[in-house]
Amino acid sequence: MELTYQPFELQLKHTFTIAKFSRTSTPVMLLQIAHEGHIGYGEASMVPYMSETYETAFAFLKKVDTTQFKYPFNFAEISAYLDSLAPGNTAIKAGIDIALHDLEGKLQSKPCWELLGSNPAQMPVSSFTIGIDTPEIMRQKVQEAAEYKIIKVKLGRDNDKEIIQTIRSVTDVPLYVDANQGWTDLEKSLDLTYWLKEQGVLLIEQPMLKTDRDSNAWLTERSPLPIIADEAMQTFDDVERAKGAYHGINIKLMKSAGMYEANRMILKARELDLKVMIGCMTETSCAALAGAALAPQCDWADLDGPLLTSNNPFVLPEFVDGKWVLSGESGLGLHLL
Ligand code: MG
């Protein structure tokens with residue numbers, strides 16, 4: 001089995017601003033694993049706040065011995081092997097895991113969603129994120145986003161109501177709110193959850209600091225809207241800790257270390273009666289299709305990564321009525337441009 005990879009700077013259509021920072025591009029590592037005439041494609045999206053870089057990815061990939069990837073793949077063993085090389089590094093581990101899933105699907109002539117037990121008919125609508133900007137540009141972005149059925153809005157600064165009012169001046173679609181840990185005052189936050197509910201908001205992601213479990217739990221107990229852990233939710237071990245502090249969790253492949261771990265997290269969350277959102281980073285069609293393969297098992301999907309980028313090297317998957325369409329093709333169903 002041959003592993004190859006190349007760095008790729010993924011450009012964003014708009015400067016992306018959330019509560020804590022702004023950026024215009026994302027470092028991505030594109031991976032291929034070749035075996036018996038088939039190629040599995042993978043992707044690691046290394047957003048700056050997750051602390052992985054091209055350097056850490058190259059350093060990790062140098063340690064990977066592809067003789068460990070014996071077919072048929074035992075993903076539990078592979079996951080343990082990758083963790084034995086170095087802790088963390090979840091994005092680059094996800095890149096390898098996604099490539100192996102794509103390869104497995106091609107070797108078995110089955111789509112990844114089928115291998116993972118997903119039903120494409122259960123695909124949830126995917127939300128489309130509007131970053132923080134001037135009211136004029138936000139209105140323009142919302143108007144450009146007319147084909148999306150749910151819009152996700154980044155809040156967590158001092159003008160949250162103003163931002164919602166700006167969006168409501170141009171659209172009535174349901175909204176998700178992501179505070180990105182930006183809320184601090186408990187009573188004010190609770191008042192805001194009631195106001196947001198009246199504004200047609202359906203859920204709130206990570207209202208308070210990820211380290212402040214008590215404040216998030218206080219709000220979860222009282223909020224009329226579901227409160228979802230995102231920054232507080234990284235890997236499998238965090239799922240159990242979310243119980244009691246959040247109504248649900250946001251799973252992202254770049255945090256979980258890939259599809260195998262994400263699938264385990266979904267099953268664990270169901271066992272604990274937690275709601276599940278599947279989210280993404282700024283990603284190409286590759287990681288988005290990997291997320292979409294699991295999305296039918298989730299309550300909510302936030303898989304807009306490739307829609308926010310301007311130099312996706314892969315064909316954009318079919319997107320109909322606000323949902324990704326899972327094809328019957330083997331593997332991820334990914335095509336090079
Ligand atoms: Mg979030």
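Order of appearance sets the numbers: ligands from 1, and atoms from 1 within every ligand. We use all heavy atoms of the structure for the numbers below, so side chains are in, but hydrogens, waters and symmetry mates are not. Small disclaimer: the values here were computed from a predicted structure and weren't measured. When a residue number appears, it is its place in the shown sequence, counting from 1.
No side-chain heavy atom of V173 sits less than 4.5 Å from a side-chain heavy atom of Y148.
A salt bridge links D230 with K255: at least one charged nitrogen is closer than 4.0 Å to a carboxylate oxygen.
Annotation: ring pair (Phe, Tyr, Trp, His ring centres under 6.0 Å) contacts of F314 (sequence neighbours excluded): none.
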List the atom pairs, donor and acceptor, that lie under 3.5 Å between side-chain atoms in residues 130-137 and the rest of the protein, sequence neighbours left out.
residue: D133; atom: OD2; partner: K141; partner atom: NZ; Å: 3.3
residue: T134; atom: OG1; partner: I137; partner atom: N; Å: 3.2

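Taking Ile, Leu, Val, Met, Phe, Trp and Tyr as hydrophobic and joining them when side-chain heavy atoms fall under 4.5 Å apart, one finds L337 in a cluster with V315.
Side-chain atoms of Q6 and Q32 form a donor-acceptor pair, as typed in the model, at a separation below 3.5 Å.
By the criterion of a separation under 2.8 Å, the protein N/O/S atoms near the Mg ion (ligand 1) amount to D178 OD2, E205 OE1, D230 OD2.
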